[in-house]
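Notes follow the structure.
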Amino acid sequence: MTTKNVAEILKADSFLQEVQLKGWVRTFRSNRFIALNDGSTINNIQCVIDFENTPEETLKRITTGAAIAVKGTLAESQGKGQSVEIQVSEIEILGDSNPDEYPIQPKKHSFEFLRENAHLRVRTNTFSAVMRVRSKLSFAVHQYFQERDFNYVNTPIITGTDAEGAGEMFRATTFKDNEAPITEDGKIDYSKDFFGKETSLTVSGQLEAETFAMALGKAYTFGPTFRAENSNTTRHLAEFWMIEPEVAFMDLDGNMDLAEDFIKSVLNSILISCKDDLAFLDQRLTQEEKSKPQAERSEMSLLEKLRFVADNNFKRVSYTEAIDILRNSKPNKKKKFQFPIDQWGADLQSEHERYLVEKHFKCPVILFDYPADIKAFYMRLNDDGKTVRAMDVLFPGIGEMVGGAQREERYDVLVDKMKAMNIDEKELWWYLDLRKFGTAVHSGFGLGFERLVQFTTGMNNIRDVIPFPRTPQNAEF
RNA sequence: UCCUUCUUAGCUCAGUUGGUUAGAGCAUCUGACUGUUAAUCAGAGGGUCCUAGGUUCGAGUCCUAGAGAGGGAGCCA
């Protein structure tokens with residue numbers, strides 16, 4: 001008799017075998033039926049207790065959340081809700097769970113409440129499903145790149161460059177409160193700090209990843225990034241995981257191909273490897289949408305949405321075309337937009353992105369060739385002198401899933417751009433070296449992993465797709 | 001950071017125009033029942049109505065300030 005997990009037992013094709021397993025009690029009904037879960041699958045296995053021959057003392061300790069070990073015989077179920085069950089011959093309580101104090105009950109809890117119990121929420125159906133999908137997705141990400149000869153590069157988490165302008169940074173220092181040395185002009189003297197200069201937590205591994213692309217050809221990062229922005233939305237975290245491929249000799253078209261193929265590929269892989277969890281999440285979302293007014297419900301179920309994205313081409317539209325579409329759109333003419341579109345050059349607001357994705361094209365959209373003024377310094381300037389080879393992949397409900405660009409490979413153009421945008425050339429000497437020695441066309445993008453998990457699981461709030469969310473005013477656990 | 005909504009039992013939520021002792025379902029406890037599917041039935045316990053002021057004969061309800069949370073916006077991935 002070997003210990004098996006619930007997933008293995010539920011797949012078993014022969015009855016009447018002796019099994020033993022360990023797990024946690026989800027519910028205990030009629031003093032007789034334990035719904036046991038061990039995390040290996042969304043499904044529980046029913047363990048049937050011979051309650052007349054089990055001590056009262058033991059029965060009382062079978063409570064929601066308790067850890068138990070059971071031995072018994074796998075048998076065809078006499079009940080309707082499941083095909084197999086375990087006729088228990090031996091039960092041991094491994095860890096009690098006081099029902100008076102245990103916060104997780106066999107009922108619906110709000111996600112807000114569960115967020116405050118993030119250490120226990122993964123014991124619920126929804127969160128265990130989301131976290132298993134997250135894990136499989138993370139594997140699919142590595143698999144996609146590894147199978148295509150990309151090199152995984154671990155870019156530094158502590159960085160000395162504050163040049164990307166991706167957002168406010170968290171400072172990393174060993175100075176104690178009020179003990180930081182001060183320079184003559186009254187500023188904190190970071191030359192005496194641990195690294196001998198001011199350092200922060202990284203906002204992106206892109207610049208470092210470029211150095212690898214310019215040596216190994218294809219590289220990608222997949223690691224934590226940090227933004228000290230005071231943003232309170234369902235799509236932002238202060239600590240999140242970002243996937244950033246970077247490829248030498250690849251232009252913007254290749255970059256768009258890569259982003260689209262990557263997303264489709266990982267979705268296809270998850271549709272196969274997470275069938276049970278996705279089926280549960282699909283139902284959960286459908287149930288949730290029932291409480292919404294008809295107009296706000298989505299036309300497709302979660303699984304339909306995933307298959308739709310995996311099977312259909314993303315719509316590629318230049319910024320200029322997008323502006324035309326928006327300018328002539330009904331909401332713009334009827335002045336329904338909060339920010340009306342009147343001229344070329346304006347940054348698109350999320351209401352505009354949402355119109356393009358959800359109303360006009362009704363599929364993921366890749367916008368490219370943005371005005372240079374509203375994009376970062378390292379993006380390749382087009383021959384028109386006013387647009388850059390940038391691209392954003394926009395998703396329904398999520399907004400910007402991917403932001404990427406062909407990088408400026410010309411030394412002089414890059415230096416001019418940095419000067420114009422007030423970026424210190426001295427600090428990025430190593431980045432400029434890439435353009436000095438063997439420069440080449442190269443491109444890459446950044447994809448927020450949690451947004452991918454959000455889309456895949458149909459979870460509305462990004463705080464519910466990362467184990468322990470870090471947001472303004474919240475770093476519990 | 002701005003706008004907006006919310007905060008009542010362990011959880012999810014009712015609570016009318018300001019009016020007596022603040023309710024329900026689930027959970028918990030006690031008992032009954034035992035092939036149940038978030039089991040069922042009977043009973044019991046459980047409240048700083050977010051905090052501090054104010055208006056009023058009287059405040060869960062109205063006003064002011066504060067705290068926390070949700071949603072939207074901005075920034076972005």
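Quick note on labels: first sequence line is chain A, next is B, and so on, each numbered from 1.
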### Query
Under 3.5 Å, is there a donor-acceptor pair between the A:Asp50 and A:Asn53 side chains?
yes

### Message
Between the base of B:U36 and the side chain of A:Gln82, is there a donor and acceptor pair under 3.5 angstrom?
### Response
yes

### Task
Starting from C1' on B:A39, measure out to CZ on A:Arg26 and report it in whole angstrom.
18 Å

### Query
Please give, in whole Å, the distance from B:G35 P to A:Phe28 CZ?
14 Å

### Task
For B:G46 and B:G23, measure between their P atoms and round to the nearest Å.
13 Å

### Message
Determine whether the aromatic ring centres of residues A:Phe150 and A:Phe222 are separated by less than 6.0 angstrom.
### Response
no

### Message
Tell me the interatomic distance from A:Phe111, atom CZ, to B:A69, atom P, rounded to whole angstroms.
### Response
18 Å

### Query
Is any N or O donor-acceptor pair between the side chain of A:Glu85 and the base of B:G35 shorter than 3.5 Å?
yes

### Message
Using a 4.0 Å heavy-atom cut-off, does A:Lys60 contact any base of the nucleic acid, only the sugar-phosphate backbone, or nothing at all?
### Response
sugar-phosphate

#### Entry: Between B:A22 and B:C26 - P atom distance, rounded Å
22 Å

### Query
Does A:Arg227 place a side-chain N or O at less than 4.0 Å from the phosphate oxygens OP1/OP2 of B:C76?
no

### Query
Considering only heavy atoms, which members of residues 112-136 of chain A lie under 4.0 Å from some atom of RNA chain B?
A:Glu112, A:Phe113, A:Arg115

### Message
Measuring only between side-chain heavy atoms, which start at C-beta, is A:Arg148 closer than 4.5 Å to A:Asp261?
### Response
yes

### Task
Under a 3.5 Å limit for both distances, which nucleotide forms a Watson-Crick or G-U wobble pair with B:G45, could you say?
none

### Task
Scan A:Leu237 against the nucleic acid and name what it touches under 4.0 Å (heavy atoms): base, sugar-phosphate only, or nothing.
base

### Message
For the residue pair A:Asn474 / A:Arg463, report whether a side-chain donor-acceptor contact shorter than 3.5 Å exists.
### Response
no

### Summary
B/S/- along nucleotides 1-8 of chain B (protein heavy atoms under 4.0 Å) is B-------

### Task
Could you tell me whether A:Thr234 contacts a base, only the sugar-phosphate backbone, or nothing, with contacts defined as non-hydrogen atoms closer than 4.0 Å?
sugar-phosphate

### Message
As an exercise, state the distance from CH2 of A:Trp24 to OG of A:Ser97, rounded to the nearest 0.5 Å.
### Response
12.0 Å

### Message
Does this structure show an ion pair linking A:Glu260 with A:Arg316, if we count only N-O contacts that are shorter than 4.0 Å?
### Response
yes

### Query
What does A:Gly446 touch in the nucleic acid at a heavy-atom separation under 4.0 angstrom: a base, only the sugar-phosphate, or nothing?
sugar-phosphate

### Query
Any luck finding a side-chain donor-acceptor pair between A:Ser318 and A:Asp369 under 3.5 Å?
no

### Task
Determine which nucleotide pairs with B:C62, using a 3.5 Å limit on both distances of a Watson-Crick or G-U wobble pair.
B:G54

### Message
Looking at B:G71, I'd like to know if its phosphate oxygens (OP1 or OP2) sit under 4.0 Å from a side-chain N or O belonging to A:Arg235.
### Response
no

### Message
Tell me the interatomic distance from A:Gln473, atom CD, to B:G70, atom P, rounded to whole angstroms.
### Response
12 Å

## Note on the structure
Closest to the 5' end of RNA chain B, once A:Gln87 and A:Glu353 are matched to their nearest nucleotides, is A:Gln87

### Task
Rounded to whole angstrom, note down the P distance from B:U36 over to B:U40.
12 Å

### Contact residues, residues 89-101 of chain A to RNA chain B [heavy atom, < 4.0 Å]
A:Pro99, A:Asp100

### Query
Within the structure, does a side-chain N or O atom of A:Arg29 lie under 4.0 Å from either OP1 or OP2 of B:U36?
no

### Message
Distance check needed: B:C29 C1' versus A:Tyr102 OH, whole Å only.
### Response
20 Å

### Query
How far, in whole Å, is B:A24 from B:U8 if one measures between their C1' atoms?
13 Å

### Query
Watson-Crick or G-U wobble partner for B:A73, using a 3.5 Å limit on both distances?
B:U1

### G-U wobble or Watson-Crick pairing nucleotide for B:G25 (cut-off 3.5 Å, both distances)
B:C11

### Query
Just checking A:Glu52: base, sugar-phosphate only, or nothing, at a heavy-atom cut-off of under 4.0 Å?
nothing

### Message
Could you tell me if A:Lys264 sits above the aromatic ring of A:Phe314, with its cationic atom closer than 6.0 Å to the ring centre and no more than 45 degrees from the axis?
### Response
yes

#### Entry: Ring-ring centroid check A:Phe262 A:Phe145, cutoff 6.0 Å
yes

### Value in whole Å for how far the C1' atom of B:C76 lies from CG of A:Asp347
10 Å

### Query
Say you pick atom P in B:U16 and the same atom in B:G72; how far apart are they, in whole Å?
29 Å

### Message
Below the 4.0 Å mark, does B:A39 have OP1 or OP2 next to a side-chain nitrogen or oxygen of A:Ser30?
### Response
no

### Query
At under 4.0 Å between heavy atoms, what does A:Ser350 touch on the DNA or RNA strands: base, sugar-phosphate, or nothing?
sugar-phosphate

### Summary
Closest to the 5' end of RNA chain B, once A:Asn474 and A:Leu348 are matched to their nearest nucleotides, is A:Asn474

### Task
Can you tell me the distance, in whole Å, between the CZ atom of A:Phe280 and the C1' atom of B:A38?
12 Å

### Query
Taking atom types as modelled and ignoring hydrogens, do the side chains of A:Glu85 and A:Gln87 form a donor-acceptor contact shorter than 3.5 angstrom?
yes

#### Entry: Integer angstrom distance from the P of B:U12 to that of B:G70
13 Å

### Summary
The Watson-Crick or G-U wobble partner of B:A38, with both key distances under 3.5 Å, is none

### Query
Taking CG from A:Leu367 and P from B:C76, how many angstroms apart are they, rounded to a whole number?
15 Å

### Task
Between B:G15 and B:C3, how far apart are the C1' atoms? Round to whole Å, please.
29 Å

### Task
Look through every strand shown and name the nucleotide pairing with B:G68 as Watson-Crick or G-U wobble, where both distances are under 3.5 Å.
B:C6

### Task
Would you tell me whether A:Glu210 and A:Tyr431 have side-chain atoms, one donor and one acceptor, within less than 3.5 Å of each other?
yes

### Query
Any chance the side chains of A:Thr155 and A:Glu208 put a donor and an acceptor closer than 3.5 Å?
no

### Query
Which whole number of Å gives the distance between the C1' atom of B:G58 and that of B:C11?
33 Å

### Short side-chain N/O contact to B:C13 OP1/OP2 from A:Lys107, under 4.0 Å
no

### Task
Side chain of A:Asn461 only, please: which of B:C75, B:U36, B:G71 is the nearest?
B:G71

### Task
Measure distances between side-chain N and O atoms of A:Gln349 and base N and O atoms of B:G74, and say whether any donor-acceptor pair falls under 3.5 Å.
no

### Query
Ring centroid separation for A:His352 and A:Phe339, is it under 6.0 angstrom?
no

### Message
Quick one about A:Thr73 and A:Gln17 (side-chain donor to acceptor, distance below 3.5 Å, no hydrogens or angles considered), yes or no?
### Response
no

### Query
Given B:A73, B:G35, B:G71, which nucleotide is nearest the side-chain atoms of A:Gln78?
B:G35

### Near-ring test A:Phe28/A:Phe33, centroid separation under 6.0 angstrom
no

#### Entry: Of the listed nucleotides B:C76, B:A39, B:U37, the one nearest the side chain of A:Lys80
B:U37

### Query
Does any donor-acceptor pair link the side chain of A:His109 with the base of B:C11 at a separation under 3.5 Å?
no

#### Entry: Donor-acceptor side-chain pairing of A:Glu76 and A:Ser83 below 3.5 angstrom
no

